[in-house]
2 protein chains.
Amino acid sequence: MPQPRKRATIREVAKATGLSPAAVSYALRGMQVSEETIERVRRAAEELGYEADPIARALASGRTGTVGLLCGSLEDLWQQALAVRIGRALKDNDRYALILDAAGDPARERILARQLRDQRVDALIVQPVDPAAAFWAGLCEGLPVVAIGDALAGARTAGEVVFDNRAGVTLALEHLRDRGHRRVAVLTPTRASTPDRPADVHVLAEAGRLGMDIEVVTAPHALAAATEVADTVLSAGHRAFFCFADSIAYGVYAAATERGLAIPGEVAVMGYDDHPMSGLLSPGLTTVDWDIGGIVRAAVRLVMGAADGGTPHHGRIVQAPQLRERGSVG
Amino acid sequence: MPQPRKRATIREVAKATGLSPAAVSYALRGMQVSEETIERVRRAAEELGYEADPIARALASGRTGTVGLLCGSLEDLWQQALAVRIGRALKDNDRYALILDAAGDPARERILARQLRDQRVDALIVQPVDPAAAFWAGLCEGLPVVAIGDALAGARTAGEVVFDNRAGVTLALEHLRDRGHRRVAVLTPTRASTPDRPADVHVLAEAGRLGMDIEVVTAPHALAAATEVADTVLSAGHRAFFCFADSIAYGVYAAATERGLAIPGEVAVMGYDDHPMSGLLSPGLTTVDWDIGGIVRAAVRLVMGAADGGTPHHGRIVQAPQLRERGSVG
DNA sequence: GCGGTTCACTGAACCGTTTCAGTGAACCGC
DNA sequence: GCGGTTCACTGAAACGGTTCAGTGAACCGC
């Protein structure tokens with residue numbers, strides 16, 4: 001096996017400066033040593049091309065300067081956008097994000113969450129697929145976790161940015177009803193096994209209250225696959241859709257267009273999320289906006305507070321929905 | 001400092017089975033030990049809830065089962081799609097991807113590439129911002145690197161999936177010229193410092209050959225920002241656009257719509273990439289398709305071959321472009 | 001000038017694995 | 001029954017840092 005390149009170790013820097021490795025270690029982190037020594041060490045390190053090995057550092061100290069970002073399903077364009085923006089915001093805080101994709105699978109979510117903990121991430125941001133899963137409680141011991149979307153049941157998280165899904169669902173369904181749609185197909189994201197998300201529960205409750213006739217169908221986020229599902233639902237006679245993700249609504253657009261059905265004339269579509277592309281379609285997709293910028297800021301603030309070992313605020317931030325009316329509902 | 005939860009170590013498993021830690025280590029990886037011992041160790045490990053610590057393992061062995069994925073700019077929807085699909089393909093090969101975002105900045109690209117190497121990724125897939133940077137050569141020693149998009153200059157990569165940008169540019173410019181557009185604004189992705197990408201060079205060469213009048217303008221991928229740039233270019237009188245990423249073309253759509261200019265009647269737009277959303281716009285975005293599925297398959301095949309320590313194939317796969325005509329060029 | 005601090009630094013243990021170089025025992029052919 | 005392999009396993013040294021418990025010197029007030 002060819003050496004993957006010989007790098008300087010902390011011991012060589014120690015030798016070069018006549019100090020002990022311990023002193024070098026402290027100096028490089030600016031602790032407990034004189035200014036002059038710090039400078040000397042810094043110079044020697046530079047000269048030798050020394051850079052601390054993050055793996056060794058992680059093993060010894062248990063910290064990494066890294067934040068895990070576990071997404072529910074990265075096939076969702078909105079979650080993609082969220083991940084990218086959180087990644088950039090963390091970068092501005094000198095952390096770097098490890099982005100992972102649970103692919104809508106609760107089992108995979110459990111595995112990846114554990115894996116991130118074992119990787120010694122300083123904190124974890126998660127958009128849970130199954131917020132009711134039991135393992136969250138254990139995970140939250142000793143690892144600051146910030147949840148986005150739904151709160152984790154029975155877990156001492158370091159913070160949560162939750163969506164007021166009850167309000168969001170009400171907004172969407174009332175809008176559809178006000179425009180004369182009583183019979184509505186609800187397209188909700190596919191999950192490998194299907195824990196009922198709080199949001200789904202609200203749909204049924206609200207539909208009952210509003211006297212609407214609801215059919216819930218699961219659909220994938222990927223455009224081609226969502227289009228297929230939408231097509232099936234169209235052929236079942238549905239003409240009004242409430243999609244639990246803008247990505248899925250795009251599938252309805254595609255399916256309707258394929259069949260030559262006009263939006264909003266013949267088919268009404270309502271989204272949920274407000275992805276930037278939704279405004280570009282014609283007609284624009286009427287949707288429920290959660291203020292992605294605010295979510296990013298809140299999540300990063302919570303996670304930075306927790307990762308620095310500060311007091312676990314347990315901030316709970318509730319996002320209020322806003323109807324973004326664009327014309328896809330007749 | 002509260003213990004982040006006491007986990008079983010390999011030594012405890014050794015004690016429980018009456019073996020040495022070394023034997024347990026071998027047994028868990030199914031090497032050099034009797035079937036019976038393997039079974040015994042496995043059972044003890046299960047009982048104690050033992051799971052090998054990936055950090056310690058990485059430090060000792062230098063391997064992690066992880067593949068780094070360094071994206072040029074994750075603000076680009078197409079690159080987002082690529083990253084997600086590569087991530088899922090790697091998962092199917094029992095690796096997991098660390099997705100990082102260079103944010104179009106060559107300096108950051110260098111830092112992150114080094115960081116991934118230090119994290120002991122088994123291999124690196126990179127969509128280079130600056131393929132001509134000198135550090136690639138050093139990085140490729142001892143770390144299998146697969147490049148997507150442009151080949152890395154002077155570096156011994158493990159493989160490349162390169163785009164035939166010359167052909168792609170020709171396709172796009174000829175299409176524009178054939179439809180009567182001689183004066184064309186080329187919107188190319190912003191880069192923090194601006195190494196001329198091979199693709200940009202081709203534009204000028206081809207434009208010369210075709211007798212076209214080209215103005216190159218850089219633009220960000222993010223919709224709002226791209227829209228701003230597009231608006232400026234529109235106000236400078238341009239009415240034909242060749243965007244070096246579909247994401248940027250979306251900005252032209254937005255800007256044109258805002259000004260009440262019809263596509264393709266008053267403004268012609270040509271994209272590059274073919275993101276799924278491009279087919280949903282009206283009119284659909286005419287673009288150059290690179291077969292994202294093929295790219296993913298090729299990159300993953302190359303990286304799996306290299307990561308397993310197999311012969312460094314140095315496969316070079318050249319992607320041929322295909323014109324996807326949808327109606328955004330008059 | 002003496003006890004008590006503070007300061008700058010050291011030695012050694014430790015983090016949890018892997019891997020290298022053995023080591024005895026069993027087995028082999030002859 | 002003897003040299004040579006193979007087999008299953010062990011002990012100890014890595015891997016490259018951090019951290020804990022000192023240690024001696026300088027400095028302090030009184």
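To find a chain, count down the sequence lines: A is the first, B the second, and so on, and within it residues start at 1.
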- prompt: Does A:Arg11 or B:Tyr50 map to a spot on DNA chain C nearer the 5' end, using the closest nucleotide for each?
  reply: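 The residue mapped nearer the 5' terminus is A:Arg11.
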query: Considering heavy-atom distances to DNA chain C, does B:Arg29 or A:Ser34 have its closest nucleotide positioned more toward the 5' end?
result: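 The residue whose closest nucleotide sits nearer the 5' end is A:Ser34.
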Taking OP1 and OP2 of [N], is either one under 4.0 Å from a side-chain nitrogen or oxygen of [X]?
X: B:Ser61; N: C:dT19; answer: no
X: A:Arg63; N: D:dT19; answer: yes
X: B:Ser25; N: C:dT18; answer: yes
X: A:Thr37; N: C:dC9; answer: yes

- prompt: With no angle test and no hydrogens, is the base of C:dG16 tied to the side chain of B:Arg57 by a donor-acceptor pair under 3.5 Å?
  reply: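 Flag unset: no donor-acceptor pair detected.
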Given B:Arg117, B:Arg95, B:Arg63, the one that forms salt bridge (Lys or Arg N to Asp or Glu O under 4.0 Å) with B:Asp122: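 So the option named by the test is B:Arg95.
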Distance in angstrom units between [X] [atom1] and [N] [atom2], rounded:
X: A:Leu59; N: D:dT18; atom1: CG; atom2: C1'; answer: 10 Å
X: A:Ile10; N: C:dC14; atom1: CD1; atom2: P; answer: 19 Å
X: B:Asp118; N: D:dG17; atom1: CG; atom2: P; answer: 10 Å
X: B:Asp53; N: C:dT18; atom1: CG; atom2: C1'; answer: 13 Å
X: B:Arg7; N: C:dT17; atom1: CZ; atom2: C1'; answer: 12 Å
X: B:Ile55; N: D:dT18; atom1: CD1; atom2: P; answer: 14 Å
X: B:Gln119; N: D:dC15; atom1: CD; atom2: C1'; answer: 15 Å
X: B:Arg117; N: D:dG16; atom1: CZ; atom2: P; answer: 13 Å

- prompt: What is the nucleic acid contact for B:Leu19, judged by heavy atoms within less than 4.0 Å: base, sugar-phosphate only, or nothing?
  reply: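 If one applies the 4.0 Å heavy-atom cut-off, B:Leu19 turns out to touch the sugar-phosphate alone, with no base involved.
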message: Classify A:Glu36 by what it touches in the nucleic acid, base, sugar-phosphate, or nothing, heavy-atom distance under 4.0 Å.
response: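 The answer is nothing, as A:Glu36 stays clear of every strand by at least 4.0 Å.
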Of all the nucleotides listed ([options]), which has the minimum atom distance to the side chain of [X]?
X: A:Tyr26; options: D:dT19, D:dG16, D:dT10; result: D:dT19
X: A:Ala56; options: C:dT19, D:dC9, D:dG17; result: D:dG17
X: A:Ala60; options: C:dT17, C:dT19, D:dG17; result: D:dG17

field: Partner nucleotide of C:dT19 by Watson-Crick or wobble geometry (both distances under 3.5 Å)
entry: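 Base partner found: D:dA12.
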Nucleotide opposite D:dA26 in a Watson-Crick or G-U pair, distances under 3.5 Å: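 WC or wobble partner is C:dT5.
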Answer yes or no: is there a side-chain heavy-atom contact under 4.5 Å between [X] and [Y]?
X: B:Arg40; Y: B:Leu19; answer: yes
X: A:Val145; Y: A:Arg156; answer: no
X: B:Leu69; Y: B:Leu98; answer: no

query: So does A:Glu39 have more than 12 non-hydrogen atoms from other groups sitting under 6.0 Å from CD?
result: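 Yes.
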Which residue lies more 5' along DNA chain D, comparing A:Thr9 with B:Arg40 via nearest heavy atoms: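 Its nucleotide being nearer the 5' end, the pick is B:Arg40.
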query: Which sits closer to the 5' end of DNA chain D, B:Val24 or A:Ala8, going by the nucleotide each is nearest to?
result: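 So the residue in question is B:Val24.
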field: Check: A:Asp130 main-chain N/O paired with A:Trp136 side-chain donor or acceptor under 3.5 Å
entry: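 Checking the backbone N and O of A:Asp130 against the side chain of A:Trp136, a donor-acceptor pair under 3.5 Å is found.
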